[in-house]
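Comments concern the structure below.
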Amino acid sequence: MNGKSCEFCSNRSFAANFLNDNELKLLEKSCVDVQFSKGDVIFKQNALSSNIIYVKSGLVKIHISGPEREQILKIIKGPIYLGIPTTFGDKINHYSATALMETGVCFIDLNSFKDFIASNSNFAYEIITELCKNELAHFAHCVNQVQKQSQGRVAEALCFFADEIFNASIFELPLSRQEFGDLTGNSRESVSRIFTNLNNDKVITLKGKNIEILDMERLRSISKNG
DNA sequence: GCATTAACCACAG
DNA sequence: CTGTGGTTAATGC
């Protein structure tokens, strides 16, 4: 957990389980452990990228400043790899990552990571599998984003937080209205309005950033059809 | 035309 | 930072 114990790290990646003792020791040597607070930038778009990032715990938003406005690509929850495409794909980062809460991150030296891929096929296989799943999820998300109308996108995002992030129907949104708009491709005003509508329709209860989903069925149907 | 959707603006807590 | 109301442009009956 503190940079010296990849071997015993309980948040270790599934792929890292295939590393042998020797490789784990190498990983420890080429890995730096950093703690981030809410709002801290983990890495920035257009900056040089030279590390593989592994989120051990916490919540991170991945975002791009687009031609018109800010766009949140996705929200991810540790433990998970982050920034493999931006590190392997180009010299510079194509997106930024910002912590949404207290978040533990490992910075892994790119060359060591490449060595593992070259020498350990099980490790490589797991990494490729994860990247492929990622792309498939992106395809689905992309179609949804483009073809759904605004309340459908908002409902989808609420379901996402309930199902994937918090595993609960009551949670506190880790985003401002503006950020929620950036995530769902809406203006902040539209997000406000849709939230109050859902509140009035008794689909959710809304108190500031605290959300309780009252009617999951209804929310899913809005997400699917709206 | 008329209704709906959603962005933009302005202003108020 | 949020919520609300008015306005406007695009799209679809």
Side-chain angles (χ1 to χ4, degrees), chain A residues 35-47 55 57-78 82 93-105 137-226:
Chain A
Q35 200 70 19
F36 290 95
S37 301
K38 183 180 170 65
D40 286 348
V41 175
I42 297 169
F43 60 81
K44 207 167 159 46
Q45 187 174 354
N46 296 326
V55 180
S57 63
L59 208 60
V60 176
K61 70 167 175 176
I62 295 176
H63 50 116
I64 280 188
S65 82
E68 290 291 321
R69 55 202 143 76
E70 190 76 3
Q71 175 76 45
I72 297 180
L73 296 172
K74 61 174 175 176
I75 310 274
I76 58 156
K77 185 175 74 161
L82 152 64
N93 291 316
H94 284 210
Y95 45 82
S96 303
T98 304
L100 294 175
M101 53 183 265
E102 200 67 18
T103 295
V105 171
H138 266 301
F139 288 163
H141 184 245
C142 197
V143 175
N144 284 339
Q145 181 85 359
V146 170
Q147 296 188 3
K148 281 178 186 174
Q149 54 187 42
S150 53
Q151 55 166 349
R153 299 197 299 271
V154 168
E156 182 192 18
L158 288 175
C159 288
F160 165 76
F161 277 110
D163 295 339
E164 320 253 329
I165 301 295
F166 297 109
N167 302 313
S169 59
I170 303 178
F171 54 86
E172 185 186 342
L173 260 193
L175 302 174
S176 69
R177 296 291 191 267
Q178 177 66 61
E179 287 175 309
F180 201 89
D182 294 339
L183 174 66
T184 57
N186 288 305
S187 66
R188 62 169 191 87
E189 293 99 324
S190 293
V191 172
S192 273
R193 262 180 266 253
I194 291 163
F195 276 177
T196 45
N197 284 343
L198 290 172
N199 188 52
N200 293 338
D201 294 347
K202 304 258 188 314
V203 179
I204 64 172
T205 301
L206 180 69
K207 280 193 220 91
K209 290 185 178 177
N210 293 302
I211 287 179
E212 176 176 8
I213 297 173
L214 299 174
D215 192 343
M216 202 54 179
E217 292 303 305
R218 192 90 171 281
L219 194 63
R220 283 195 207 291
S221 117
I222 295 170
S223 167
K224 203 174 169 207
N225 307 314

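Letters go in sequence order (proteins before strands), and every chain restarts at 1.
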Given atom CZ of A:F195 and atom P of C:dT2, what is their separation to the nearest angstrom? 10 Å
Return no unless some side-chain N or O of A:S190 is found under 4.0 Å from OP1 or OP2 of B:dA6. no
Side-chain donor/acceptor of A:Q178 to base of C:dC1, under 3.5 Å: no
If the cut-off is 4.0 Å, is A:N186 near the phosphate of B:dA6, judged by side-chain N/O to OP1 or OP2? no
A:N197 and A:Q151: side-chain donor and acceptor closer than 3.5 Å? no
It should be established whether A:K209 places a side-chain nitrogen or oxygen under 4.0 Å from OP1 or OP2 of nucleotide C:dC1. no
Taken to the nearest whole Å, CZ/A:R153 to P/B:dT5 is 13 Å
Would you mind reading off the distance between A:D182 atom CG and B:dA7 atom P, rounded to a whole angstrom? 12 Å
For the pair made of CD in A:Q147 and P in B:dT5, what is the distance, rounded to whole Å? 18 Å
Can you check the A:N225 CG to B:dT5 P distance for me, whole Å? 14 Å
Rounded to the nearest 0.5 Å, what separates atom CD in A:E212 from atom CD1 in A:I170? 4.0 Å
Between CD of A:E68 and C1' of B:dC8 the distance, given in whole Å, is 13 Å
Separation of B:dT5 P from A:R193 CZ (nearest whole Å): 13 Å
When we call it a touch if two heavy atoms are under 4.0 Å apart, what does A:G185 touch: a base, just sugar-phosphate, or nothing? sugar-phosphate
Would you call the rings of A:F171 and A:F166 parallel, tilted or perpendicular, where under 30° means parallel and over 60° means perpendicular? parallel
Which nucleotide sits closest to the side chain of A:Q149: B:dT5, C:dG3, B:dA7? B:dT5
Of the candidate nucleotides C:dG3, B:dA7, B:dT5, which contains the atom at the shortest distance from the side chain of A:R188? C:dG3
When the distance from CG of A:N197 to P of B:dT4 is rounded to whole Å, what number comes out? 13 Å
Shortest non-hydrogen contact from A:K38 toward A:P174: NZ-O, 3.8 Å
Nearest-0.5 Å distance, CD of residue A:E172 to CE of residue A:M101: 11.0 Å
